[in-house]
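Note sheet for the following structure.
Both backbone and side-chain heavy atoms feed into the values below; hydrogens, waters and symmetry mates do not.
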Amino acid sequence: MHLKLRHIEVFHAVMEEGSVTKAAQRLNLSQPAISTALTKLEEMLGFALFYRSKGHFTPRPEAFLLNEDAELSLMAVEQFANRARLIGRGGVGLVRIGAIGAPAFALLPELISAFVTDHPLVEVDLQVRSSTQISYLVANGQLDIGLIEAPVAAASIAATEIVLPCVCIMREDSDLASKHAVTPQDLVGQRLIGIQNVNQVDRQLREVCSAAGVEIEMTVRGFFFAVVRRMISAGDGVALVDALNGMQALNDGVVWRSFEPRIDYRIAMITKVGAELSKPAKDFSGRLLEALARFGRV
């Protein structure tokens, strides 16, 4: 039995409208076409659905038994068409993102919130992991988009590098807040909060301070830039952090000043080579790069 959608549509329209004439008007078909479709449907089913009398079609009990299934079938087709249309517009799907701490805390929450407002049927999965873990998951197709520290050396990963300037943050009542820019000499005597010795920002800070003949000591460290900012907000001290976390207006009593000479924090947005992103993932990656470009160079 090879039922066609048109046969089910005709049958259901006749059942709902109560006449062939009204069903023909509803489906924009002729009355003979409706009659032919019903006859063909009955032939395929092997039993009659209507009593026929002088052009009138009266449903048999078998027709009432099948009408609910016909309605459900048409609803399923409509749902299929609607979902396909949404998929075509990038309206449904899943976007899997992996990010290191800096963008995960400072940038992605608001970005994801705006994205799901525009795409209410798209699911977003955000994982905060190390650069090594994110690179592995992207390369193996377990994440669609990754944000990691640059440079990227894996051949299976396509990368777009973003260069973010670093800023010096301190409490608004700090004596450094009166300066236009902070220099290595200004750090003398300050309680300097670092990230970790192997972090690219801390390494650069030690290098520029050494070149300026300034000795610095970081007695307190936090693993994430966002955590370091919370430390400064809760007490005192200064820190060099990425622009994403440093330039946020959080009303937490923390202000930022540029640092000279400039120190950059390099991150990269990565995807798997040869893997085409879904429409929602493409949309999100575009928004992500646009947002990052407001803070640094892409």
Side-chain angles (χ1 to χ4, degrees), residues 99-107 128-135 146-154 159 161-248 250 252-270 292 295-298:
I100 54 176
F105 297 135
L107 180 68
V128 183
R129 296 176 179 267
S130 69
S131 293
T132 301
Q133 291 171 325
I134 295 168
S135 297
L147 279 174
I148 65 173
E149 288 194 345
V152 179
E161 188 169 303
I162 303 97
V163 181
L164 300 169
C166 289
V167 296
C168 188
I169 58 173
M170 70 288 296
R171 284 185 57 83
E172 58 189 357
D173 56 1
S174 168
D175 56 345
L176 292 183
S178 62
K179 292 182 171 292
H180 173 71
V182 176
T183 66
Q185 289 76 12
D186 295 322
L187 299 180
V188 176
Q190 299 287 339
R191 185 169 72 91
L192 187 60
I193 301 177
I195 306 300
Q196 50 182 329
N197 287 334
V198 295
N199 181 271
Q200 58 173 287
V201 174
D202 280 8
R203 289 201 309 269
Q204 292 180 77
L205 180 58
R206 291 181 182 278
E207 290 171 0
V208 299
C209 286
S210 176
V214 174
E215 292 187 9
I216 58 173
E217 184 176 356
M218 303 176 191
T219 57
V220 178
R221 296 185 183 86
F223 191 75
F224 296 112
F225 291 125
V227 173
V228 170
R229 177 164 180 155
R230 289 291 300 274
M231 289 179 177
I232 292 176
S233 175
D236 61 359
V238 297
L240 201 68
V241 301
D242 71 298
L244 296 178
N245 286 277
M247 298 174 68
Q248 276 192 310
L250 300 179
D252 57 355
V254 175
V255 296
W256 65 273
R257 299 292 180 265
S258 58
F259 186 82
E260 296 177 357
R262 173 169 165 155
I263 290 177
D264 290 323
Y265 181 58
R266 297 176 181 271
I267 63 174
M269 189 188 80
I270 62 172
L292 289 168
F295 293 91
R297 302 193 311 274
V298 177

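- Residues passing the ring-ring contact (aromatic ring centres under 6.0 Å, His included) test with Y265 are F225, sequence neighbours excluded.
- Put simply, CD on E172 and CG on D252 are 8.5 Å apart, with the number rounded to the nearest 0.5 Å.
- Nearest heavy-atom pair across A268 and V152 is CB-CG2, 3.8 Å.
- The shortest heavy-atom contact between V128 and A104 is CG2-CB, 3.7 Å.
- Counting non-hydrogen atoms of neighbouring residues, nucleotides and ligands closer than 6.0 angstrom, the CD atom of Q185 exceeds 12 such neighbours.
- Counting only heavy atoms from C-beta outward, the side chains of N199 and R221 never approach each other to under 4.5 Å.
- Under the side-chain hydrogen bond (donor to acceptor under 3.5 Å, both in side chains) criterion, R297 pairs with no residue at all, not counting sequence neighbours.
- Residue pairs meeting the salt bridge (Lys or Arg N to Asp or Glu O under 4.0 Å) criterion with at least one member in residues 186-195, sequence neighbours excluded: K179-D186, R191-D236.
- The residue from L205, I195, I193 that alone fulfils the side chain to side chain contact (heavy atoms under 4.5 Å, CB included) condition with M218 is L205.
- Here the shortest heavy-atom pairing between D264 and P165 reads OD1-CA, 3.6 Å.
- At a threshold of 4.5 Å between non-hydrogen side-chain atoms, the residues Q190 and L176 count as touching.
- The CD1 atom of I169 sits 9.5 Å away from atom OG of S233, with the distance rounded to the nearest 0.5 Å.
- For the atom pair CG (D242) and CZ (F295), the distance works out to 9.0 Å, reported to the nearest 0.5 Å.
- By the ring-ring contact (aromatic ring centres under 6.0 Å, His included) test, F224 pairs with F105, sequence neighbours left out.
- Taken to the nearest 0.5 Å, the SG atom of C168 stands 10.0 Å off from the CD1 atom of I263.
- Across N245 and A106, no two heavy atoms sit closer than the pair OD1-CB, 3.3 Å.
- Annotation for H180 and S258: closest pair O-OG, 3.5 Å, computed over non-hydrogen atoms.
- Side-chain contact between I270 and I134: present, with at least one pair of heavy atoms (C-beta onward) separated by less than 4.5 Å.
- E217 meets the side-chain hydrogen bond (donor to acceptor under 3.5 Å, both in side chains) test with no other residue; sequence neighbours excluded.
- Applying the side chain to side chain contact (heavy atoms under 4.5 Å, CB included) test to R257 and every residue at least two apart in sequence or in another chain returns M170, A177, V182, V255.
- Within the 4.5 Å cutoff, the side chain of P184 has heavy atoms near those of the F259 side chain.
- Between L147 and L292, the closest side-chain pair of non-hydrogen atoms falls below 4.5 Å.
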Starting from the C-alpha separation in whole Å, work towards a yes-or-no answer on side-chain contact (heavy atoms from CB on, under 4.5 Å) for L187 and V238.
-> CA-CA 8 Å; L187 299 180; V238 297; 4.0 Å; yes
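- Here the options are E149, Q200, E161, the test is side chain to side chain donor-acceptor pair (under 3.5 Å), and the partner is R266; only E161 passes.
- In this structure, CG on L244 lies 5.0 Å from CG on L164, to the nearest 0.5 angstrom.
- Annotation for S131 and I148: closest pair OG-CB, 3.5 Å, computed over non-hydrogen atoms.
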